[in-house]
Amino acid sequence: MDKTYQPGAIEQKHYARWEREGRFAPQGGEASFSIAIPPPNVTGTLHMGHAFQDTIMDTLIRYQRQRGINTLWQHGTDHAGIATQMVVERQLNAAGTSKRDLGREKFVERVWDWKAASGGRINDQLRRMGASVDWSRERFTMDEGLSEAVRDVFIQLYDEQLIYRGKRLVNWDPVLLTALSDLEVLSEDESGHLWHFRYPLEGTDEHLVVATTRPETMLGDTAVAVHPDDERYQHLVGKTVRLPIADRSIPVIADDYVDPEFGSGCVKITPAHDFNDYDIGKRHDLPMINVLTDDARIGADMPADYRGLDRFDARKQIVAEFEQLGLLEKIEPHNLKVPRGDRSGAIVEPYLTDQWYVRIAPLAEPAIKAVEDGSIKFVPENWSKTYFDWMHNIQDWCISRQLWWGHRIPAWYDDQGNIYVGRDEADIRERHKLSDNLVLRQDDDVLDTWFSSALWPFSTLGWPKKTPELQTFYPTSVLVTGFDIIFFWVARMIMFGLKFTGEVPFREVYIHGLIRDQDGQKMSKSKGNVLDPIDLIDGIDLESLVSKRTTGLMQPHLAPRIEKATRKQFADGIPEYGTDALRFTFASLATTGRDIRFDLGRIEGYRNFCNKLWNASRFVLASTEEKANSAPVDDSLPGRWIRSRLAHTVAEVERQFERYRLDLAAQAIYEFTWHEFCDWYLELSKVALFDDDPDQGAKQATMQTLAATLEALLRVIHPIMPFISEEIWQRVAVRAGVDGDSICDTRWPVDLSKHVDAQAEADMQWLQRFVLGIRQIRGEMDIAPGKPLPVVLQGASANDLTSLDTHEHLIRKMANLDTITVLDDDQAPPPSATALLGDMQICVPMAGLINVDKERERLAKQLNKSESDLARTQGKLDNPSFVDRAPAAVVATERQRADEHRTQIEQLRAQLQKLDTMVP
RNA sequence: UGUCCGAUAGCUCAGUUGGUCAGAGCGCCGCUCUUACAAAGCGGAGGUCGACGGUUCGAACCCGUCUCGGACUACCA
């Protein structure tokens, strides 16, 4: 083995072999465990969020697989309608052509080509992460099988009148020229203006003042509304105003939607361009006048001066015209929420169109109940509130998109506009007994990507066919995802899962936090703070990192600032940390439901942890024999102790995995590996291994314990760090007498409880305290670790003496001692620095080693601590109501604690006194 | 607008039936190249657990109020 850990040298070969050998396919017992991957965009690349999420899922999957559970991690990718279409469109535009030039069929072909060309990238990156997905079952949302599931679902919902087509106001993206669902619209605070317009009252010289943030929509006003109780305007209700420019008469109506306090208390009503106005229009049976074209220009039936103008140019011109007409009252600055398409960034326009909708309330009801009754549990639980909030106020879901890439809506129209829904044209003709010469035209629209995503947990398993996979792995065990798609995806899977399978799609929803940068900022290309997981694995030089972060920016002017920040933070680029270190970092940071600041210090620390494990393994390999020896059971204290600690650790890791506390599992592993196995056991083992006059039996037994402990530890580490554990396991397994081809399916260590050994732990604690006492003196007196120290013991009990007798060789080695002298009670120790172990004093004679003042200071500090500890404890005991009302066990513990402190104080005082008698 | 989350060591964070719970890692300060590991070893310093009340024998933990962050959601034209 190399002297230092080199992740690049070991990782990929193991993955290739695992995949070749089909180790990720389901296998194992009756019980099953399954996770459906949140399908990444087929043409996307792996970002930190994916890497984090994949680490969590892979850890859970590998753990269950090792436990002998029949395990499936269902992989696949999403066609990601808008996102993918946009990428290909951009390519076409760059090549001087366009989607319209190509036509629908050719364009869709181009997208498939792009998918074929780039769709493998995310998969390769998943492999780099060590993700043990079952590649043989990979699916794509536009596969034939999944598409069939989509059609079936659409048809059934339509037949049950849970899908309908209707003309309503939708969120319209005038750049992408498609409808969007509410969820795809992001509203941001932006500063704008409030324009106050005068609308002349017909038949008088008076006018009403209306305030608007969108002057251009006034062309579509069909009423002015006031509050019914607003005394200022009551007399005007029922009158009409003359709408300037448009030159139409519109009524003044009363509606209690109007807030009399805001603006002038009069609201212009534009039902075709505002959601609230739309509702008011419905209530008052107002006409709906569409002002805009689909690309947000003023429409053909608008006043001639405005036709074809962009909406913002029209706005300027309308304001100018009002001013000219003397009808502009005033302009105020005003902050408002501006709705933008989440993909295009364009300001979304409420727009009247024909779209397809899912009638959602009947589906939501059972989905709410499933979470209420615990059929589905959120982890952490409080996310269920977010879920309920949305579900209780859920709106019908607009599912049609005016795109070409996606599942085409399985609806056809005849010349009369009748709608026929079915699998295909033939199916429809048959179902509706249509004559062959009736011309049918399929709906041009495709379905919202999330429609197919909603079926993911069962469509990937073969639904609507009743496949064995569906039988075995549905419902899936847990969904691992981010809070950002609870509405987009989680809720819809629950609704559709219940509707079409009669069962929940998953039993638990583990919601993880967002990966942010070291300052808590969201990672984004435009901020230039994105970290690529692959760069953390392989490392990257500064120049490449800078160029990666500054090319392809939407706002190129940000490049210099990004470059500067990057050069400052990564002066030496990013070193190679390896997948295992990255995964361990993610696991360590995976506290539930909290965003994560990704700190490079952490990954470096865990890379060092890998190195520690690596070197410990080198030691074990160098110290043991190539084949497991048939040693007697290792009944030495270190052997019994490390087995006991391992048993505790395994139990703890299991417990934490079960409750998704990967951070605590990782911590338990780290603590055991570094601070128990390496710091103590390996050092203790050297006594038996390197003794000049070795007890061969003990030596063999120690070798066996070394190999066996490391081997078991590797199995516990494997779910989080699959590569390094496999690499070492391949070498160490045979020394531990364990068979198998790969650690992947070597069983999790089960039931080590028989190794729990309280006596060994107590004895070991005595030994550790002894050694720590010496080390503390050595450390604080700045005595070189290499210098052996003489030690004198006083006040040793019979137990102490027995322990000393048994473990002297261990203590001598761990504390680097020279002589150990036991004094009788009547013998006085020489002037010394002292450590206390129960009633025993461990004295290091001063003779040239110890500085009296320093020792006095050191003891005084300890005394101080003990005194304040005693004061606190005694304070409790002096409180009658504590003694009365606290449980007896608690009181007893406090009493004992007080006694211990008193003894300690007594001894420290005596020790200090002795120092005082000395000449400094 | 409503909901939710967070505030613990210089930094990033654990602390889930309230009874050594005041912790870990990194960073920092000493001493060491001791035969697996300087990506290391050994020792050390460092916090009135955001503020104020309350419940309790006992509160980082439970309740209330407040301050400061953050997220989601709705919205006044």
Side-chain angles (χ1 to χ4, degrees), chain A residues 1 3-5 187 194-195 210-214 217 224-225 257-259 261-270 274 276-277 280 334 336-337 380 382-383 385-386 388-390 393 483-484 486-487 513-514 518 520 575 581 588-589 591 593-602 604-623 659 661 663-664 667 670-671 674-675 678-679 682-683 686 690 771-772 774-787 813 815-816 869 872-873 876 879-887 889-891 893-894 897:
Chain A
M1 284 171 83
K3 194 173 172 189
T4 52
Y5 164 64
S187 291
L194 200 55
W195 286 272
V210 298
T212 181
T213 54
R214 305 215 39 206
T217 64
V224 171
Y257 159 78
V258 179
D259 176 4
E261 304 292 318
F262 187 86
S264 62
C266 300
V267 187
K268 63 188 269 307
I269 303 298
T270 322
D274 181 281
N276 290 309
D277 293 6
I280 294 174
H334 183 69
L336 69 163
K337 293 274 192 188
N382 55 282
W383 285 110
K385 292 204 175 182
T386 305
F388 288 136
D389 239 33
W390 190 68
N393 299 300
F483 57 83
D484 49 331
I486 289 179
F487 306 147
L514 196 70
Q518 67 286 341
S588 303
L589 296 171
T591 65
R594 183 164 168 150
D595 284 355
I596 288 158
R597 292 192 190 199
F598 193 86
D599 178 11
L600 280 173
R602 289 294 282 263
E604 185 182 344
Y606 295 126
R607 193 267 322 259
N608 295 354
F609 175 62
C610 289
N611 190 51
K612 187 74 179 174
L613 177 65
W614 184 262
N615 278 297
S617 302
R618 287 176 56 225
F619 172 77
V620 172
L621 291 172
S623 313
R659 54 201 285 267
R661 288 304 302 267
D663 58 326
L664 298 178
Q667 194 183 312
Y670 186 99
E671 170 70 22
W674 201 309
H675 298 302
C678 291
D679 286 352
L682 292 191
E683 295 307 317
K686 289 174 185 173
F690 303 146
V771 171
L772 290 171
I774 304 284
R775 282 182 184 169
Q776 194 178 34
I777 291 170
R778 193 191 286 277
E780 297 205 17
M781 299 299 153
D782 293 344
I783 299 169
K787 181 170 181 58
K813 156 83 184 164
N816 192 17
D869 284 351
R872 205 177 48 196
T873 305
K876 285 187 188 178
N879 179 351
S881 47
F882 170 73
V883 181
D884 270 4
R885 311 174 78 147
V890 173
V891 178
T893 308
E894 289 297 323
R897 206 171 285 157

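We use all heavy atoms of the structure for the numbers below, so side chains are in, but hydrogens, waters and symmetry mates are not. The structure displayed is predicted, hence computed values, not measured ones. Lettering follows sequence order; numbering is per chain, from 1.
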Protein-nucleotide distance (A:F598, atom CZ; B:rC26, atom C1'), rounded to Å: 14 Å
Distance, P atom - from B:rU16 to B:rG53, rounded to whole angstrom: 25 Å
Cation-pi, A:Y670 ring and A:K612 (6.0 angstrom, 45 degrees): no
Plane angle bin for A:F690 and A:F619 - parallel if under 30°, tilted between 30 and 60°, otherwise perpendicular: perpendicular
Nucleotide of B:rC31, B:rA77, B:rU73 approaching A:F487 most closely (side-chain heavy atoms): B:rU73
From B:rC75, B:rA39, B:rC37, nucleotide with atom closest to A:K337 side chain: B:rC75
Sugar-phosphate only, base, or nothing, as touched by A:T591 at under 4.0 Å among non-hydrogen atoms: sugar-phosphate
Spacing of A:E780 atom CD relative to B:rA45 atom P, expressed in whole Å: 7 Å
Phosphate-side-chain proximity, A:T212 and B:rA77, N/O vs OP1/OP2 below 4.0 Å: no
Nearest-nucleotide comparison on RNA chain B, the residue closer to the 5′ end among A:Y257 and A:W614: A:W614
B:rA40 OP1/OP2 closer than 4.0 Å to side-chain N/O of A:N608: yes
Parallel, tilted or perpendicular: ring planes of A:W390 versus A:F487, cut at 30 and 60 degrees: parallel
Sugar-phosphate only, base, or nothing, as touched by A:D869 at under 4.0 Å among non-hydrogen atoms: nothing
Distance, P atom - from B:rG27 to B:rA38, rounded to whole angstrom: 16 Å
Integer angstrom distance from the P of B:rA45 to that of B:rU3: 47 Å
Sugar-phosphate only, base, or nothing, as touched by A:R775 at under 4.0 Å among non-hydrogen atoms: sugar-phosphate
Separation between the P atoms of B:rC72 and B:rC29, rounded to whole Å: 40 Å
Side chain to side chain, A:T270 and A:R214, heavy atoms closer than 4.5 Å: no
A:R661, nearest nucleotide to its side chain (from B:rA77, B:rU16, B:rA71): B:rU16
Euclidean distance, atom CD1 of residue A:I783 to atom C1' of B:rC42 [Å, nearest integer]: 12 Å
Where protein sits on nucleotides 57-63 of chain B, one letter per nucleotide: B base, S sugar-phosphate only, - none, heavy atoms under 4.0 Å: B------
Atom pair OG1 (A:T212) and CG (A:L194), whose distance is rounded to the nearest 0.5 Å: 7.5 Å
Student check: side-chain heavy atoms of A:L772 and A:R775 closer than 4.5 Å: yes
Sugar-phosphate only, base, or nothing, as touched by A:R778 at under 4.0 Å among non-hydrogen atoms: nothing
B:rC37 phosphate, OP1 or OP2, under 4.0 Å from A:K3 side-chain N/O: yes
Sugar-phosphate, base or nothing in reach of A:V620, heavy atoms under 4.0 Å: nothing
Side chain of A:H334 - closest among B:rA77, B:rA36, B:rA14: B:rA77
Nearest-angstrom distance from the residue atom CD of A:Q776 to C1' of B:rG30: 14 Å
Closest to the A:Y670 side chain, choosing from B:rA77, B:rC26, B:rA40: B:rC26
Nearest-Å distance once atom P is located in both B:rG44 and B:rC37: 25 Å
Rounded interatomic separation in angstrom, taking CG from A:N816 and C1' from B:rG41: 13 Å
Phosphate OP1/OP2 of B:rA24 contacted by A:H675 side-chain N/O (<4.0 Å): no
Contact under 4.0 Å: A:K787 side-chain N or O vs B:rU34 OP1/OP2: no
Sugar-phosphate only, base, or nothing, as touched by A:C678 at under 4.0 Å among non-hydrogen atoms: base
Touch class at under 4.0 angstrom, heavy-atom based, for A:L772 against every strand present: sugar-phosphate
Separation between CZ of A:R618 and OG1 of A:T4, rounded to the nearest 0.5 Å: 8.5 Å
A:D274 side, atom CG; A:K268 side, atom NZ - distance, nearest 0.5 Å: 8.0 Å
Stems involving RNA chain B, each a run of at least 3 consecutive Watson-Crick or G-U pairs under 3.5 Å: B:2-7 with B:67-72, B:10-13 with B:23-26, B:28-32 with B:40-44, B:50-54 with B:62-66
Sugar-phosphate, base or nothing in reach of A:W195, heavy atoms under 4.0 Å: nothing
A:R597 side-chain N/O to B:rG6 phosphate OP1/OP2 under 4.0 Å: no
A:K385 vs B:rC4: side-chain N/O to OP1/OP2 distance below 4.0 Å: yes
Sugar-phosphate, base or nothing in reach of A:Y606, heavy atoms under 4.0 Å: nothing
Test item: A:V890 and A:F882 side chains (from C-beta on) under 4.5 Å apart, heavy atoms: yes
Side chain of A:V267 - closest among B:rA77, B:rC26, B:rU35: B:rA77
Under-4.0 Å side-chain N/O to phosphate OP1/OP2 contact, A:W390 with B:rA74: no
Close side-chain approach of A:E894 and A:V883, heavy atoms under 4.5 Å: no
Protein-nucleotide distance (A:I596, atom CD1; B:rC13, atom C1'), rounded to Å: 10 Å
Pairwise C1' distance, B:rU48 and B:rA22 [rounded to whole Å]: 11 Å
Per A:T4 side chain, nearest of listed nucleotides B:rA77, B:rA39, B:rA36: B:rA39
Distance in angstrom units between A:E604 CD and B:rC37 P, rounded: 20 Å
Sugar-phosphate only, base, or nothing, as touched by A:D782 at under 4.0 Å among non-hydrogen atoms: sugar-phosphate
Atom P, compared across B:rG69 and B:rU8: separation rounded to whole Å: 15 Å
Considering all heavy atoms, the nearest A:C610-A:A581 contact: SG-N, 4.1 Å
Whole-Å distance separating the CG atom of A:N382 from the P atom of B:rC5: 5 Å
Rounded distance (nearest 0.5 Å) linking atom CG of A:D277 with atom OH of A:Y257: 6.5 Å
Euclidean distance for P, B:rC61 against B:rU1 (whole angstrom): 30 Å
Trace of the side-chain contact (heavy atoms from CB on, under 4.5 Å) decision for A:N816 with A:I774: CA-CA 9 Å; A:N816 192 17; A:I774 304 284; over 6 Å; no
Position toward the 5' end of RNA chain B (nearest nucleotide), A:F690 or A:D389: A:D389
Sugar-phosphate only, base, or nothing, as touched by A:T386 at under 4.0 Å among non-hydrogen atoms: nothing
Reported OG1-to-NE2 distance for the pair A:T213 and A:H334, which is rounded to 0.5 angstrom: 6.0 Å
